[in-house]
Amino acid sequence: MLREDKFFETEDMNKIWQRYCGFLDISMKEFMEIQRYLLLEQIALIADSTLGKKIMNGQKPKTVEKFRQVIPLTTYEDYTPYLSDKDEDALAIKPYCWIHTSGTGGNPKWVPMSDRAAELGWRRNSLAFMILCAARSKGDVRLHPGARMVVHAPPRPYGSAEGIYDLSDYFTLRTMPPMSEADGMTFPEKIGKSFKMAMRDGTDFVCSTSAVLVRMGEGFSQRGSKTKFSFSMLHPAVLFRFSKAILHSKMQRRPMLPKDLWQIKGILCWGTDTSIYRDKIIHYWGQTPYEFYVFSEGGIAAIQSWNKKGMIFCPDLVFLEFIPEEEWLKSRADKEYQPATVLFDEVEAGKLYELVLTSFHGMPFLRYRIGDLVRFDSIGDKETGITLPQMTFAGRSNNVIDVHGIARLDEKIVWQAIVNTGIDFEDWAMRKEVDKEEPVIRLYIEPKQEVNSEQFRHRLHKELEAIEPYYHEMATNLKVNPIRVKALPKGTFQRYLATKAQEKAMMAQLKPSHMNASDEVINKLIQLSKEV
C-alpha cells in the first residue's frame with residue numbers, strides 16, 4: 001500500500017477533504033500570512049546560492065516590502081546561463097528532477113523541481129483536483145486508490161508527465177496507457193491504447209487537452225455504431241459495453257457518444273481553449289470539464305472548487321504578485337519600464353493582471369514574469385462560501401500565441417513562415433479568435449499582390465509545420481489547421497499609422513502589435529480597410 005493509499009483507507013471523508021482541499025476555507029488574512037512567512041523563508045534559503053546572489057545582487061531583504069523594492073522583475077533569460085546547462089551547483093537545493101516546457105521557437109525551458117515543490121505542486125494538488133473534479137458538493141470524496149484514468153500527456157520530461165509519474169509512487173493510480181509504456185508512444189498511439197483499455201475495463205477519469213476531447217467526441221459522433229469490429233473488441237466486457245452504448249444512443253435517437261460508453265466521474269482539462277469547448281465536452285462526455293492552472297516553474301498553482309467555476313490560487317506554492325493592466329501596457333510600450341505590482345489581497349474583481357511569481361521551497365525564480373495574464377472575475381464565491389478571489393486564465397502577456405495547449409507561436413516564427421510562403425506584404429498582425437465556436441489563429445495581412453486567402457492559409461500552415469516542431473506535432477495529432485487569413489487592401493496599415501500619428505500616440509504604439517493585437521487595434525484595421 002502506497003503512502004497516500006493508507007490515508008484514504010484509514011481516514012474518514014472529512015479528514016481526507018481537509019487534507020487536500022482545506023485551503024479553500026482559509027481567509028484572505030490567513031492566505032497572506034502563509035505567503036509572507038514562506039517568502040521570507042525562501043529568501044533565507046537561496047540568498048547564498050550562486051543564482052540567488054546574482055538575481056538579488058547580493059542583498060538579503062528582511063521584509064516583503066523591501067524585497068519588492070530592491071529585487072527587479074525577471075524573465076527566463078535572467079536564469080538561462082544556469083538553467084539551460086542544468087548547473088545544479090548554482091542552485092540552493094539539489095533538484096528532485098528537471099522538467100521542461102516547450103518554450104518558444106522550439107527551444108525548451110529547463111526548470112529544476114525541488115522535492116518539497118513536487119510534494120505540494122504535484123502530489124497534493126493532483127489529488128486535490130481529482131477530488132474536486134468528481135465532487136458534487138463540499139466534502140464529497142469520490143476518489144479512491146486504484147482509480148482508473150485515461151491520460152493523454154506529453155512524454156517526460158514535460159512537467160505534466162513527470163507529475164503523473166511522481167504521483168503514481170504515492171497513490172495507486174491506474175493510468176491508461178500505463179505510464180511505463182507511454183513515453184515510447186506517439187500521441188495517436190496513446191489515444192488508441194487508452195481507448196482499448198477503457199473499452200475493456202472502464203475508466204473513472206479522463207485527463208487530456210480540451211481540443212483532443214472534442215476531436216474524440218466528433219469522431220464518435222461521425223462513426224457511431226458504424227465502428228468496425230476488431231479482434232480486441234471480441235472480449236466479453238467490450239462487447240457488453242459497446243452493445244449497451246449502441247442501445248442507449250438509439251433510444252436517444254442520436255449517434256453514439258463517449259458518454260454512452262463510460263460513466264465518468266470527472267473530466268480533467270488543460271489548454272487555453274477549455275472555456276470555448278466547454279459545451280461541446282459536456283455534450284460528448286456527459287461531464288463539465290474541470291480546469292486547473294499549471295506552469296512548469298512550480299506545478300499546479302490554482303484549481304477550481306467543486307462547482308467548477310473560477311480557479312483559486314494555492315497559498316503555499318509561490319509568492320504571488322500581479323501587474324495591473326495599465327502597468328502591463330506601459331511595459332509593452334517601453335521595454336525599460338519597470339511596472340508596479342499589487343499583492344493577492346489588493347486585486348480587484350473584473351480586472352486583468354499579468355502574473356509575477358517568486359518560488360518557494362528552494363526553487364530559483366524571483367519576481368519572475370511567467371508571461372501569463374489572469375482575470376479576477378470575483379472576490380469570493382457566494383455559492384460555495386469561498387472568500388478568496390476567483391480567477392480565469394486570460395492568455396499570454398508576451399508576443400506568444402498558445403495553440404491548443406501544445407504549440408506556442410512567437411513573432412519570429414510567424415514572420416519567418418510568412419516570408420517562406422513567398423508572398424510580398426506590407427505588414428501583418430496575428431491573434432487568437434473564436435470562429436463558429438472554434439478557436440482559430442487569424443492573420444490580418446496586407447499583401448502587395450492579389451492572393452487567395454484559402455490557399456494562402458494552407459501554405460502558411462505548412463510553413464509553420466516545417467519551422468516549429470511543436471506546431472507540427474499539434475497539426476499531426478489533432479489533424480487541424482487553425483490558421484485563418486484576412487487579406488487587407490493596399491494602404492490599410494499606412495492609414496493606421498497616419499491615424500495614430502494624428503492622435504499623437506507614443507512611438508511604440510504607431511504600428512499594431514504583430515502578435516496578440518487588441519480588439520481596438522483589429523477593429524480599427526478593419527474599419528480602415530473598408531475606407532480604403
Pairwise distance OH(Y284) to CG(D260) - rounded to 0.5 angstrom: 13.0 Å

Full working for side-chain hydrogen bond (donor to acceptor under 3.5 Å, both in side chains) between D372 and Y293: CA-CA 11 Å; D372 287 351; Y293 176 56; 2.6 Å; yes

K109 with E297: basic N within carboxylate O range, under 4.0 Å: yes

Inter-residue atom distance E327.CD - K330.NZ, 0.5 Å rounding: 4.5 Å

K259 NZ to I282 CD1 distance, which is reported to the nearest 0.5 Å: 9.5 Å

Whether T358 side chain and R367 backbone form a donor-acceptor pair below 3.5 Å: yes

Side-chain (Y290) to main-chain (Q304) donor-acceptor, under 3.5 angstrom: yes

T476 side-chain N/O to E473 backbone N/O, donor-acceptor pair under 3.5 Å: no

Student check: side-chain heavy atoms of F425 and V419 closer than 4.5 Å: yes

Under 3.5 Å donor-acceptor, D85 side chain and Y82 backbone: no

Residues which pass salt bridge (charged side-chain N to carboxylate O under 4.0 Å, His left out) with E438, listed by chain and number, not counting sequence neighbours: R215, K280

Between CG on residue D166 and CE on residue M179, distance to nearest 0.5 Å: 11.0 Å

E325/K351 ion pair, N-O < 4.0 Å: no

SB check D519 R431 (cutoff 4.0 Å): yes

Donor-acceptor pair, side chain of S513 and main chain of M515, under 3.5 angstrom: no

Flag, side chain of Y353 to backbone of E348, donor-acceptor distance under 3.5 Å: yes

Exercise: identify the closest heavy-atom pair between L488 and F493: CD1-CE1, 3.8 Å

E454 side chain to H458 side chain, donor-acceptor N/O pair below 3.5 angstrom: yes

Q449, CD: over 12 other non-hydrogen atoms inside 6.0 angstrom: yes

Stepwise side-chain contact (heavy atoms from CB on, under 4.5 Å) test for F129 and I300: CA-CA 9 Å; F129 72 51; I300 302 164; 3.1 Å; yes

NZ (K462) with more than 12 external heavy atoms under 6.0 Å: no

Lys NZ or Arg CZ of R156 over Y165 ring: under 6.0 Å, within 45°: yes

SB check K309 D377 (cutoff 4.0 Å): no

Backbone of V111 reached by a side-chain donor or acceptor of K86 within 3.5 Å: no

Approximate separation, where rounding is to 0.5 Å, of M176 CE and S194 OG: 9.0 Å

Ion pair K490/E446, N-O distance below 4.0 Å: no

Whether W415 and H514 hold their rings parallel, tilted or perpendicular, with breakpoints at 30° and 60°: perpendicular

Side chains of T288 and R278, donor plus acceptor under 3.5 Å: no

Backbone N/O of L343 and side chain of E346: donor-acceptor pair under 3.5 Å: yes

Charged N-O contact under 4.0 Å between D183 and K190: no

Ring geometry between Y79 and Y76 (parallel below 30°, tilted from 30 to 60°, perpendicular above 60°): tilted

Residue among I483, D435, V485, V434 satisfying side-chain contact (heavy atoms from CB on, under 4.5 Å) with R442: D435

Full working for side-chain hydrogen bond (donor to acceptor under 3.5 Å, both in side chains) between W98 and E88: CA-CA 10 Å; W98 287 84; E88 297 187 358; 2.9 Å; yes

Distance flag, aromatic centroids of F376 and F322, threshold under 6.0 Å: yes

Pairing residues for E531 by the salt bridge (charged side-chain N to carboxylate O under 4.0 Å, His left out) criterion, not counting sequence neighbours: R495

Separation between CD1 of I445 and OG1 of T492, rounded to the nearest 0.5 Å: 12.0 Å

L443 backbone acceptor or donor facing K486 side chain under 3.5 Å: no

